[in-house]
Amino acid sequence: MSEDTVVPEGPDHFTAERVIEAVLFASAEPVKEASLRARLPEIADLDARLESLRQRYVGRGVELVKRGDAWAFRTAPDLAARLHLEVPQQRKLSRAAVEVMAIVAYHQPVTRAEIEEMRGVALNRGTLDVLLEAGWVRPMGRRQTPGRPMTWGTAPAFLDHFGLENISALPGVEELKAAGLLDTRPAMIAYAAQSEDEMQLPLGDDTVLLGDEDGE
Amino acid sequence: MSEDTVVPEGPDHFTAERVIEAVLFASAEPVKEASLRARLPEIADLDARLESLRQRYVGRGVELVKRGDAWAFRTAPDLAARLHLEVPQQRKLSRAAVEVMAIVAYHQPVTRAEIEEMRGVALNRGTLDVLLEAGWVRPMGRRQTPGRPMTWGTAPAFLDHFGLENISALPGVEELKAAGLLDTRPAMIAYAAQSEDEMQLPLGDDTVLLGDEDGE
Amino acid sequence: MVEPGAGTTGTDDWDAEIAPTPLLDVLLLDIDGFEGPIDVLLALSRDQKVDLRQISILQLAEQYLRFVHEARRRNLELAADYLVMAAWLAYLKSRLLLPVAPDAEEPSGADMAAALAFQLERLDAMRKAGEALMKRPRLGEQVFPRGAPEGLRDLTRPIYDTRLFDLIGAYGAFLGRKTETRLEIREAKLYSVDDALARMSYLIGAAADWQKLEAFLPPGLTDGLYRRSAVGATFVAALELTRQGKIQLRQDGGAFSPIRLRKAIP
């Protein structure tokens with residue numbers, strides 16, 4: 001069946017764009033450039049063709065967007081209110097999950113211990129699970145430090161969901177970096193550990209001694 | 001963020017087309033004109049807008065089509081084949097599969113039960129599937145015996161792959177014997193395997209053999 | 001060193017009734033709504049209504065200690081980490097108020113305050129980043145993928161490298177297996193201990209001096225198994241002849257060093 005529908009060969013820009021258009025339309029998920037290349041071996045200037053196609057859709061109801069190393073057609077965000085599409089209600093993320101999501105996105109690759117350190121509380125079992133289930137975070141390999149802890153980062157679906165071309169397009173990422181706030185260095189705990197054995201709590205009657213208090 | 005990008009209101013043809021475009025793109029089903037009208041009450045000349053949008057996509061990789069009284073985007077039919085990618089992958093047939101293939105070739109038409117009886121073992125579910133997938137065997141109709149079992153034989157791709165003119169070009173039993181391929185001796189597999197691993201013995205390379213023998 | 005207990009600094013008389021601020025009341029009412037002490041600190045610091053970079057850590061520490069004090073006065077259940085933080089802040093407060101010891105090894109109060117300020121600022125930044133992310137047009141809510149995707153399929157087309165030779169070879173093996181039902185155990189070609197004894201007894205007469213053991217191996221040792229059996233048998237033969245007192249054996253230099261033998265000198 002595939003043999004008898006012949007696509008004109010050669011450096012025909014129009015044909016190339018048609019094929020890219022069809023392939024990207026046919027997929028609900030963003031299609032990786034490698035996958036496009038494999039389908040379009042005759043197209044040498046894929047980047048240029050994609051850019052030309054993107055231009056073609058600028059200002060339309062549907063846009064060609066880049067998500068990491070993949071491309072997809074998506075409805076234009078400004079039309080949201082006009083579409084009146086019936087969408088299944090998505091589960092609302094907890095405040096903790098949103099915060100952990102942001103820490104993973106802005107500090108990746110980041111370990112569980114670093115997340116806990118930044119938030120000052122232990123990570124609930126379910127919090128990371130929710131983000132994993134949504135397909136937004138993924139393990140990024142182990143850090144070569146004692147204990148070889150697993151690090152976490154964002155998955156491709158994160159970019160797609162939040163409409164980001166790549167991680168450097170995260171809102172405010174440059175400002176945060178310039179302000180030194182994307183530093184995973186431990187802040188207070190390091191000091192706390194140092195001073196643990198010399199502190200006593202001036203809380204009146206039942207003074208609490210530190211150090212042997214909670215296991216955490 | 002999506003709130004502050006304002007869509008121009010009013011009978012703006014361009015905006016109307018954008019909204020129709022997005023709705024048709026995002027809908028899982030073709031959208032009826034009545035439904036479009038209900039959703040987009042501000043669009044007076046819906047027919048004209050749909051026709052203008054249809055024109056816009058003529059000859060592209062995606063087409064706007066009318067199905068009954070409903071509209072939908074579809075990838076251009078002539079590009080259907082491009083949506084699927086065939087990746088050739090070198091694979092090795094299992095020994096069992098090669099043997100079953102040989103039995104089918106030499107004994108066709110042959111039933112599954114006959115193959116099992118000849119080999120003395122039950123046929124794995126996947127074995128025949130692999131050969132079917134390779135396009136080497138095909139069903140040859142049912143045998144007119146109780147249970148009417150399906151019989152199997154070689155498919156054209158089998159002759160192609162092995163470069164045979166026809167099935168009678170397969171060497172017969174006598175030819176196999178003559179070629180040394182019909183070996184009736186039990187294989188001394190254990191001994192053969194043992195003698196393969198060279199031993200590390202404390203034999204210096206200056207070993208001198210005593211007596212009259214010729215060297216190594 | 002810091003003297004623990006009430007009234008050390010003169011500013012925090014814990015027995016005095018301090019009228020709780022409206023914020024404190026809110027915090028205490030919704031204590032379960034907070035994610036640990038840092039979260040409470042962030043809420044308190046926002047109450048200072050200044051940029052987090054200009055926040056008074058001393059004032060923050062005092063607010064927090066008042067919060068914990070008030071919680072305990074009302075018999076509210078506080079998790080241990082709230083008390084740990086209270087202890088740390090009390091310590092920080094004392095470090096901030098006491099003159100810095102010149103030989104102090106531990107970080108100064110200012111260092112500690114800066115660390116806390118950094119942590120609060122960083123967490124606040126992440127919280128705001130999270131909110132900004134959630135406000136973006138999100139897929140499935142404001143932005144939509146194709147509703148009826150035809151789908152892309154990546155098919156793997158197997159290519160088998162089976163040749164005709166493999167096929168008819170398999171058939172030959174199958175036929176062979178099928179016709180041969182009698183199990184025949186064929187003689188294995190091995191070098192026996194008897195062979196080795198005979199050879200060694202014969203050769204030892206010619207060897208007056210120490211000879212390596214391998215000098216007594218039979219010729220033509222190519223096959224691995226045959227070679228292995230010959231080495232084993234020759235060694236066993238050497239042990240047997242030694243036991244019989246016909247030869248002497250020696251091995252200088254430990255394991256795997258050459259074994260030598262000679263005719264026993266009566």
Side-chain angles (χ1 to χ4, degrees), chain A residues 1-8 12-28 31-32 34-43 49 53 56-64 72-88 162-164 171-172, chain B residues 1-10 12-29 31 35-43 49-50 52-53 56-65 72-89:
Chain A
M1 204 174 275
S2 65
E3 281 79 3
D4 44 24
T5 45
V6 177
V7 178
D12 183 343
H13 290 174
F14 177 66
T15 304
E17 277 181 32
R18 283 189 78 220
V19 176
I20 298 171
E21 203 171 26
V23 167
L24 294 181
F25 248 82
S27 174
V31 180
K32 292 198 173 200
S35 179
L36 279 173
R37 263 181 233 287
R39 282 189 165 75
L40 304 158
E42 74 275 21
I43 299 177
R49 298 279 62 74
L53 197 59
R56 195 184 165 82
Y57 280 89
V58 164
R60 303 294 310 169
V62 172
E63 296 176 347
L64 182 57
F73 279 113
R74 296 287 180 252
T75 59
D78 64 299
L79 296 179
R82 308 287 293 268
L83 299 185
H84 309 293
L85 289 173
E86 288 191 10
V87 283
F162 292 101
L164 298 165
Chain B
M1 214 165 270
S2 62
E3 285 80 355
D4 43 26
T5 44
V6 178
V7 181
E9 290 294 331
D12 181 343
H13 291 172
F14 177 64
T15 305
E17 272 186 40
R18 286 186 77 218
V19 176
I20 297 170
E21 199 171 28
V23 166
L24 294 181
F25 172 85
S27 294
E29 308 282 331
V31 185
S35 169
L36 276 175
R37 259 180 239 288
R39 277 203 257 188
L40 308 166
E42 73 277 22
I43 302 177
R49 298 278 65 76
L50 280 166
S52 154
L53 198 59
R56 195 183 166 85
Y57 280 92
V58 165
R60 302 293 310 168
V62 173
E63 295 173 355
L64 185 57
V65 296
F73 279 115
R74 290 284 179 260
T75 56
D78 66 309
L79 297 178
R82 304 298 290 261
L83 304 185
H84 308 308
L85 180 65
E86 281 205 344
V87 189
Q89 192 185 51

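Lettering of chains follows the sequences in order, A, B, ..., and the numbering in each one begins at 1.
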**OP:** Would you check if Arg60(A) and Arg56(B) make a side-chain contact, meaning some heavy-atom pair closer than 4.5 Å?
**Re:** yes
Subject >> Leu40(A) side chain reached by Arg82(B) side chain, heavy atoms, under 4.5 Å >> reply: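 Side-chain contact under 4.5 Å: yes.
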**OP:** Check whether Leu53(A) gets within reach of chain B through its side chain, its backbone, both or neither, counting any heavy atom under 4.5 Å.
**Re:**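 The answer is the side chain of Leu53(A).
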Original post:
Where does Ile20(A) contact chain B at under 4.5 Å (heavy atoms): side chain, backbone, both or neither?
Top reply: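 For Ile20(A), no heavy atom lies under 4.5 Å from chain B.
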Subject >> Pair Arg74(A) + Glu63(A): basic N to acidic O under 4.0 Å >> reply: no
**OP:** Could you tell me which of Ala38(A), Ala81(A), Gly59(A), Ala26(A) has the largest number of non-hydrogen atom pairs under 4.5 Å with chain B?
**Re:** Gly59(A)
Subject >> Validation row, ring centre Phe73(A) to ring centre Phe25(A) under 6.0 Å >> reply: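 Between Phe73(A) and Phe25(A), the centre distance is under 6.0 Å.
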